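The structure appears right after this line, and notes come after that.
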Amino acid sequence: MSSVTPTTKSDEILRIEAKWRERWEADRAAFVDTEKPAGEGTYLLVMLPYPSGDRLHVGHARTYFLTDALHRFLRQTGVTVFCPMGWDAFGLPAENYAIQKGIHPRTSTLANIAAMKEQFRSWGVLYDWTKEVTTCEPEYYRWNQWFFLRLLEKGLAVRKKSAVNWCPSCLTVLANEQAEGGVCERCNTPVVPRELEQWFLKITDYAERLLEGLDTLGKWPDKVVTMQRNWIGKSTGADLDFAIPSLGETVRVFTTRPDTVFGATALILAPEHALVPRLLEGNPKRAELEAWVASVRSQERIVREAEGAEKDGRDTGRKAINPFTGREVPVWLANFVIADYGTGALMAVPAHDTRDFDFAKKYGIPIVKVIEEEKKDLLRKEEEEETADFLRRDEGQGGAPGIAGAPSAAYTGEGNLVASGPFSAESSSSARELISAEAARRGIGGPRIRYRLRDWLISRQRYWGTPIPMIHCEKDGWVPVPEKDLPVVLPPDAPFTGKGGNPLEKVASFVNTTCPRCAGPARRETDTMDTFVDSSWYYLRYVDPKNDRAPFDAAIAKEWTPVDQYIGGIEHAILHLLYARFFARILKDLGLVPFEEPFSALFNQGMITRQSPTGRIEKMSKSRGNAVSLDPLIAEKGADAVRAFVLFLGPPEKDAEWSDEGISGPERFLWRVRSTVDRFLQTGADPQGQPGAADTPAARARHMAVKRVTEDFRAFSFHTAVAHLMEFLNHATTLVGDAGADPGETATSLRTLVTLLHPIAPHLSEELNERMGGKKSLLVSGWPAYDPALAEMEVASIAVQVSGKVRAEIKLRRGADEKEALSAAEANPVIAKWLEGKQRVKIIWVQDRLLNIVAK
RNA sequence: GCGAAAGUGGCGGAAUUGGUAGACGCGCAAGGCUCAGGACCUUGUGGCCUUUAUCGGCUGUGGGGGUUCGAGUCCCCCCUUUCGCACCA
């Protein structure tokens, strides 16, 4: 730092900010709406933050600054805003911290919450803390348990055995959504499959409703809607049964291409398929095959599903019957068949499916063409084959071994059927329907819709979460905890050793209980719920956080929800946002809410990026070593300058790169606002003065600024709002320095500037408003109105083109007609020069903008 | 591979329904004020050309074509980058 005497500027800014923070603190009721009046109201929501132990850095701040600017803007325009804040307080980091440091998760979590609240306060962001929700409190999580019991009654909460994702680092199972790409969402550790019995919520029952609802989400980013649509993954096709005579069994397959069934030359099962043990019975190589099955099943998902992973399979030696050709086909097992999609088995049509083609080529399975390619595809393929032949010649290789005339690639397009019995010559699309219908008629399958979405696995083998309210009795099996016994409270005294599984299992007073049904000895479920259950309905608890008879009052919820505007990061596109949409549907079916879509509008702010020590531009984060800490920055520059800079960085929906120098622009801007107002006050003019005339150039500039900034805020265009405020300041500074200016207009312009600035720099604007004699906080004193007729300059500068090229600019009064413009243009020497000796062909006139004289 | 979004000065980024490209800021340059400047103020700033200076000209929004009086914006082809999904039968 400099040894030079610092200016007093930042000191004064910091004094101003401290003063206003205290005022807001002391009289929150004056600044925050808690009651919704009849009519207008906006529910503004920020994604529930996790109270991590790390101090928030610049990368975190954007969401909060953005929301606060919007909140303040709406308040100023007279809209009642509900903007609560709470904590996603359960979760693994707190428990891992307990294992490392021996500090109870509750203690560290509550300390983190206090620290984060203090940070929010220092930024000047307003939340309604009277509605604060903390998910790790029994008052909150008892309702998770209550919902669980409702779901159990409806058959939507079930215990079932399946292959689930296990994270060896977090020591728990994970939902499919939390193991995307085969790695743990939290720690990036490759997950391994485990066959376990767990609690699931049957989100798959809602797949179609979740999909349909996406069409109504017009105010959501398309990207998120698309991601959810893909995640749900609807496929239309048919189920078909393949008999295995030697076992007296049938295997059902799902296919989206029943039109290709005549080309199905093998039946392939996932190694996890239930029939595998019986298929291998009596096989001379049984031990070897079983070892292979076991090895595939224990493989990390990331390895098994890796791009370009080698297709690996084994022939079981069994034969199945293709139900349409009646011919025998071999029964194979293969690593690329996914156990829990469809039926875990597929019919292989090598001629018309790329994966099947690769597999068939490798193992010599016959390739039978049943779809005639369309001409355009055929032409393209011929070219490709020539290239392929050429390459093969180079390599000295033949075609596929043992298969004469085999094609070099699968044809996956549409076409007319060949070699397909009675369906030959049908088109793909009609054959799909005919063959599906035929399968249904024969009782061997039929039309079928399937989804990629899996049920939501909510069991976690960890302590710091909502206990699942179930009791296991030797005699009665799984019995729900009666509603009157809720909440099942998480015992405070569990041993955090990090060894031997879930600490809850070792708390005898928790585990040992009696069966609610037979009163005999029984054990409590020690698994806790996924934290995403907590966040699936928290926005409803905000409206009625103290309710101890119900999760929330349906009447109050109806007043405020669904949420009008939700703001958060893209990282929850298919986790939280999918679960919350699922929960909303459950709540609707329970008669608790009238809507299915919980968030009417969604805004995803972009991340703040910065160069990492490695030189790459990366998301700002502590672990990447590129985080700019916020506390010292605010202590040095003031919260207003940081807010203004973060909002000025660029369009808020796009990622924005942080630059350490860039903050000086907005910082200087705020200083100049202050010095300009102070300079005006020194003139002794009345700061509450009114303009002497309504239609003056200065008044027009003011109306224009109000119009632009208002529209910018409405469009979430905070960066252009700051730019327009900067322009308006330059104008206002000129007025202050102009001895001939109307002091009433100057005062009005400055008051307008300060009011418009408030959503971005609340502390400074409140201070200047007060210095100028403002009696009320800007939060409640109203937003300036503008007259659209005055929101333009009275003189229009018109571009004059000759044959489409701009040659001059002329100034005309707004509203001037083509005739006036033309004579003014002709009087211009440059235009006259360009028109010299030319014939006018056409005149194009755009009012107040442009005159184009087409000449030859 | 499939899907989506985006390519504009040295940099971040502006630009209503096609109508003066580069607002605003950073950076840079010159000047002022200063013992000093890493503070502040003023001015300039896409590139090339012309001019003592003006006036002015050419060119310019990833590349190529097209529509139009007029294209950053609309249409076609191509290139690049980012993001999402990725053996889903």
Side-chain angles (χ1 to χ4, degrees), chain A residues 1-2 4-7 9 180-181 221-227 229-231 233-235 237 253-257 260 264 268 270 304-311 334-338 340-349 353-356 358-359 450-454 570 573-574 617 644-645 648-651 653-666 668-669 671-672 675 708 711 717 719-727 729-730 797-809 829-830 833 841-855:
Chain A
M1 282 291 124
S2 158
V4 174
T5 316
T7 67
K9 275 173 187 146
E180 258 192 84
D222 291 343
K223 186 182 179 184
V224 175
V225 171
T226 307
M227 281 168 75
R229 183 168 288 124
N230 292 341
W231 188 258
K234 181 176 182 173
S235 293
V253 302
F254 172 66
T255 176
T256 54
R257 294 295 301 273
T260 63
I268 313 183
R304 181 162 162 192
E305 295 172 11
E307 182 178 357
E310 180 74 1
K311 286 185 178 42
N335 63 346
F336 70 91
V337 182
I338 293 166
D340 53 356
Y341 179 75
T343 60
L346 59 87
M347 63 178 204
V349 185
D353 182 284
T354 316
R355 295 176 313 260
D356 298 346
D358 293 346
F359 191 76
R450 297 224 181 234
Y451 302 89
R452 212 180 79 119
L453 185 69
R454 315 292 157 80
I570 187 74
I574 42 183
I617 304 293
F645 181 52
F648 188 60
L649 277 176
E653 69 277 7
K654 281 177 63 182
D655 287 354
E657 194 189 335
W658 178 269
S659 86
D660 295 313
E661 304 80 42
I663 193 168
S664 60
R668 276 199 281 259
F669 161 64
W671 287 346
R672 287 208 307 271
S675 64
R708 284 172 165 178
E711 286 173 353
S717 186
H719 65 306
T720 53
V722 176
H724 289 141
L725 286 167
M726 287 170 167
E727 283 184 79
L729 168 68
N730 290 339
S797 58
I798 290 162
V800 181
Q801 301 183 332
V802 177
S803 300
K805 281 194 185 294
V806 180
R807 297 301 179 188
E809 181 188 289
V830 177
K833 196 188 87 190
V841 182
K842 200 172 166 187
I843 307 285
I844 311 246
W845 167 241
V846 182
Q847 183 82 57
D848 297 336
R849 280 185 171 273
L850 174 138
L851 179 74
N852 184 8
I853 304 165
V854 185

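Every chain is numbered from 1, with letters handed out A, B, ... down the list of sequences. As the structure is a computational prediction, the values presented were derived from the model and not from experiment.
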Given the [atom1] atoms of [N] and [M], what is the spacing between them in whole Å?
N: B/U67; M: B/G72; atom1: P; answer: 16 Å
N: B/U45; M: B/G10; atom1: C1'; answer: 11 Å
N: B/A89; M: B/U81; atom1: C1'; answer: 33 Å
N: B/G7; M: B/U43; atom1: C1'; answer: 33 Å
N: B/A71; M: B/G65; atom1: P; answer: 14 Å
N: B/C74; M: B/G18; atom1: C1'; answer: 8 Å
N: B/C79; M: B/C69; atom1: P; answer: 32 Å
N: B/U20; M: B/G31; atom1: C1'; answer: 31 Å

Just so I know, are the side chains of [X] and [Y] near enough to count as touching, which here means a heavy-atom distance under 4.5 Å?
X: A/Thr720; Y: A/Arg708; answer: no
X: A/Leu346; Y: A/Asp353; answer: no
X: A/Arg257; Y: A/Val349; answer: no
X: A/Phe645; Y: A/Trp658; answer: yes
X: A/Asn230; Y: A/Arg452; answer: no
X: A/Arg450; Y: A/Thr343; answer: yes

Sugar-phosphate only, base, or nothing, as touched by [X] at under 4.0 Å among non-hydrogen atoms:
X: A/Ile338; value: base
X: A/Ala334; value: nothing
X: A/Pro651; value: sugar-phosphate
X: A/Arg672; value: sugar-phosphate
X: A/Val841; value: nothing

Return the value, rounded to whole Å, for the distance between atom [atom1] of [X] and atom [atom2] of [N].
X: A/Met726; N: B/C24; atom1: CE; atom2: P; value: 10 Å
X: A/Ile570; N: B/A4; atom1: CD1; atom2: P; value: 16 Å
X: A/Ile574; N: B/G3; atom1: CD1; atom2: C1'; value: 14 Å
X: A/Leu725; N: B/G25; atom1: CG; atom2: P; value: 12 Å
X: A/Phe648; N: B/G27; atom1: CZ; atom2: P; value: 12 Å
X: A/Glu661; N: B/G27; atom1: CD; atom2: P; value: 7 Å
X: A/Trp658; N: B/C26; atom1: CH2; atom2: P; value: 15 Å
X: A/Lys654; N: B/A14; atom1: NZ; atom2: P; value: 6 Å

Inset, instruction - Mark yes or no for whether A/Asn852, through its side chain, and A/Lys842, through its backbone, hold a donor-acceptor pair below 3.5 Å. - result: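 Not a single qualifying donor-acceptor pair exists.
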Taking 4.0 Å as the cut-off, does a side-chain nitrogen or oxygen of [X] come that near to OP1 or OP2 on [N]?
X: A/Arg450; N: B/A89; answer: no
X: A/Arg452; N: B/A86; answer: yes
X: A/Arg668; N: B/C26; answer: yes
X: A/Arg708; N: B/A15; answer: no
X: A/Lys805; N: B/G60; answer: no
X: A/Ser235; N: B/A89; answer: yes
X: A/His719; N: B/A14; answer: yes

Considering every strand shown, what is the Watson-Crick or G-U wobble mate of [N] when both distances are under 3.5 Å?
N: B/G46; value: B/U59
N: B/G31; value: B/C41
N: B/G7; value: B/C79
N: B/G1; value: B/C85

Legend entry - Cation-pi geometry met for A/Lys311 and A/Phe336 (6.0 Å, 45°):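 Judged by the rule (NZ or CZ under 6.0 Å from the ring centre, within 45° of its axis), A/Lys311 counts as positioned above A/Phe336.
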Quick one: which of [options] gets closest to the side chain of [X]?
X: A/Trp671; options: B/C40, B/C87, B/A89; answer: B/C40
X: A/Arg807; options: B/C58, B/U20, B/G84; answer: B/C58
X: A/Lys833; options: B/G56, B/G25, B/C87; answer: B/G56
X: A/Asn730; options: B/A89, B/G25, B/C87; answer: B/G25
X: A/Phe254; options: B/C85, B/A89, B/G3; answer: B/A89
X: A/Thr720; options: B/C87, B/A14, B/A21; answer: B/A14
X: A/Thr226; options: B/G3, B/U20, B/G27; answer: B/G3
X: A/Asp353; options: B/C24, B/A89, B/G19; answer: B/A89
X: A/Ser797; options: B/U20, B/A89, B/G84; answer: B/U20
X: A/Thr256; options: B/G84, B/G3, B/A89; answer: B/A89

Legend entry - Carboxylate-amine/guanidinium contact A/Arg454 A/Asp340, below 4.0 Å: yes
Inset, instruction - Before giving the answer on side-chain contact (heavy atoms from CB on, under 4.5 Å), spell out for A/Asn730 and A/Arg672 the whole-Å C-alpha distance, their side-chain angles and the decisive distance to 0.1 Å. - result: CA-CA 9 Å; A/Asn730 290 339; A/Arg672 287 208 307 271; 3.9 Å; yes
Legend entry - Nearest-nucleotide comparison on RNA chain B, the residue closer to the 5′ end among A/Glu809 and A/Glu657: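 Its nucleotide being nearer the 5' end, the pick is A/Glu657.
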Inset, instruction - With RNA chain B as reference, determine whether A/Arg257 or A/Met227 sits nearer its 5' end, using the nearest nucleotide of each. - result: A/Met227
Could you list, one pair per line, each protein nitrogen or oxygen that sits under 3.5 Å from a nitrogen or oxygen of nucleotides 67-72 of chain B, together with the distance?
residue, atom, partner, partner atom, Å
B/C69, O2, A/Asn852, ND2, 2.3

Inset, instruction - Indicate the atoms forming the closest heavy-atom contact of A/Ile338 with A/Ala270, along with that distance. - result: C-CB, 4.1 Å
Legend entry - Crowding at CG, A/Asp222 (>12 non-hydrogen neighbours, <6.0 Å):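 Atom CG in A/Asp222 is not packed in, count stays at 12 or less.
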Legend entry - N-glycosidic conformation, B/G46 - syn within 90 degrees of 0, else anti: anti
Inset, instruction - Examine the base of B/C83 for any acceptor or donor lying under 3.5 Å from a partner atom in the side chain of A/Lys223, and report the outcome as yes or no. - result: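 Between B/C83 and A/Lys223, which were checked side chain against base, a qualifying N/O pair under 3.5 Å is absent.
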